[in-house]
2 protein chains.
Amino acid sequence: MSTGRNPGLRERTRRAVRAELSRTAMDLFTRHGYEATTVDDIAAAAGISKRSFFRYFPQKEDVVLADVELLGDEVVRGVAARPVDEAPWDSLAAVLGEWAEGILSTTAATRRLRLVEGTPALRARLHTTRDELRRRVATALCDRDGVTLDRFEAELLTAAAAAALDTASHRWSLDPDADLRGLVTRAFEVLRPAAATLE
Amino acid sequence: MSTGRNPGLRERTRRAVRAELSRTAMDLFTRHGYEATTVDDIAAAAGISKRSFFRYFPQKEDVVLADVELLGDEVVRGVAARPVDEAPWDSLAAVLGEWAEGILSTTAATRRLRLVEGTPALRARLHTTRDELRRRVATALCDRDGVTLDRFEAELLTAAAAAALDTASHRWSLDPDADLRGLVTRAFEVLRPAAATLE
DNA sequence: CCTAATGTGTCATCGAGTGTCACAATCTAC
DNA sequence: GTAGATTGTGACACTCGATGACACATTAGG
C-alpha cells in the first residue's frame, strides 16, 4: 500500500478521476444548479456509472465540499502554531483571516463558495462539518502548552469566530464587489469579547 | 375559510391529527432513534398512509421542528419589544435567556431538544431555520424607532448570540444535570463584545 | 505468470419525497 | 334537506440519493 509518497498507478488514476468528476460536477452545477443536476447526470457526463460516482464521493455534497473539509486541518494547525501569549480571539482572527485570503486566491474556490452560499443543502452540510471543525479548533486552543483556557470558553470563542466568518461570507456572497478579507477583519473587530480571557 | 378563530371541523381535525402524528413520531423516535424510524412506520402507527403524512408535514424533520420554528416569532417579538436604550447584546441575552427557560418548562420540549442535539440531520435543519430567524432578528434589532444600528453589525451580534445559545445547548445536551439557563447566561457574559455599539 | 487485492458495471433495494387520480367527506348555497 | 364546489384521503407509480450484492476486469506483487 502506498498512501502519500510514491502514489502508484492506482492512487494516481483515483485522484485524476476525482478531480475530473469534481470539475464536471461543478460545471453542471453552475450551469443548471445543484438540485437540478442529478448524480446520474454527473456520472454520465464523466463517463462512469452512478455506482462508481458514489465510490469516489460518498455523498453528492462531497463533490463540492471534500477539499473544503481538508482545509479544516490547516485551520487547526494554524491555531496550534499561534503564540501562546496571544489572546485566543486574535489567534482565531489571524488564522481565519488567512483562510479568507486563501479562498480568494483562486477563482474556482470563489465560485464554489458562492455556490455553497446559494444552496441551502450545501450550507446545511457546511454547518455540520463546521461543527466538527469547531470542536477540533477549540481543542487545539486549549491543548497548547502553557495555556489554561476553560473548555467552555474555548468553544464559545470558536463558535463566535465561526459566526463572524459565516456572516462575513454571507454578506460577501450578496455583493459581487465586496472585499471578503475586509469584511472578516471588521467582523472580528465588532465581535471582540470584552472579557479578558488572557492576561 | 376560517383560520385562527372559529376553527371549524376541518381545521380542528387537522390540528388533532397533526398533534397525534407528532406524539406518535416522537414516541417512535425516542424508542428506536430518528434515522431508524421510517415515515412509513410513523404513518402505520398513526393509522394513515405515507402520502397523508406528507400532507401534514412536508418533510420528516418537520414533525420534530415545526413548533420550534413557531417559537421564532416570539423571539422576534421579544427583541422588538426591548427598550431602545438597551445595548443590543443585552436585548439578545434577555430574550434568548427567556427562550431557554421556556424550553425547560415542559419535559416534552426538553426531550425534543435532546433529540435534536443528538441527531445530525435535525441539527442541520435547525441551523437552516436559524439562519432565517437570525435574519429576522437582525431586522427587528435595526427597525426599532430611534435606533441607528448598522445592518452588518446587527447580523454579527445576532449570529454571535446564536453561537452562544448553540454552544450552551450543546454543552447542556452532554450533561443531564447541567443548568441550561445558567450556561446561556455565562455564554452571553463571555462573548459580550467590547465595542460599544450603543452609547 | 499466477493470484490476491482492488476497481467497475449491472441489478436490486431502501427511504424520502412528489404527481396523479379516483373516491369520500365536508362545506356552501339554495 | 339536497346539489355542487371544495378539500382530505388512499393507492399507485415515479424520481432521486444512497447502499448491498455479485460478476467481471484490471492491477499489484511475489
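All values reported here derive from a predicted model rather than from experimental measurement. Lettering of chains follows the sequences in order, A, B, ..., and the numbering in each one begins at 1.
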Report the distance from atom [atom1] of [X] to atom [atom2] of [N], rounded to the nearest whole Å.
X: A/Phe57; N: D/dA18; atom1: CZ; atom2: P; result: 13 Å
X: A/Glu11; N: D/dA28; atom1: CD; atom2: P; result: 12 Å
X: A/Asp62; N: D/dG17; atom1: CG; atom2: P; result: 14 Å

Do [X] and [N] share a donor-acceptor pair, side chain to base, under 3.5 Å?
X: B/Arg51; N: C/dG19; result: yes
X: B/Arg55; N: D/dG10; result: yes
X: B/Lys60; N: C/dG15; result: no

Review point. Does NZ or CZ of B/Arg114 lie under 6.0 Å from the centre of the six-membered ring of B/Trp172, at an angle within 45° of the ring axis?
Key: yes
Are A/Tyr56 and C/dG7 close enough that a side-chain N or O sits under 4.0 Å from OP1 or OP2?
-> no
Is any side-chain nitrogen or oxygen of B/Ser52 closer than 4.0 Å to OP1 or OP2 of D/dG10?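 It does, given that an N or O in the side chain of B/Ser52 lies less than 4.0 Å from OP1 or OP2 of D/dG10.
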* Asked: Salt bridge or not for B/Arg151 and B/Glu155, using N-O below 4.0 Å?
  ->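 Salt bridge present between B/Arg151 and B/Glu155.
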*Between A/Glu189 and A/Arg192, is there a side-chain N and carboxylate O pair less than 4.0 Å apart?*
no
Comparing nearest nucleotides in DNA chain D, the 5'-proximal residue of the pair B/Lys50, B/Arg14 is B/Arg14
Looking only at heavy atoms, the pair that brings B/Asp62 and B/Pro58 closest together is OD2-CD, 3.4 Å
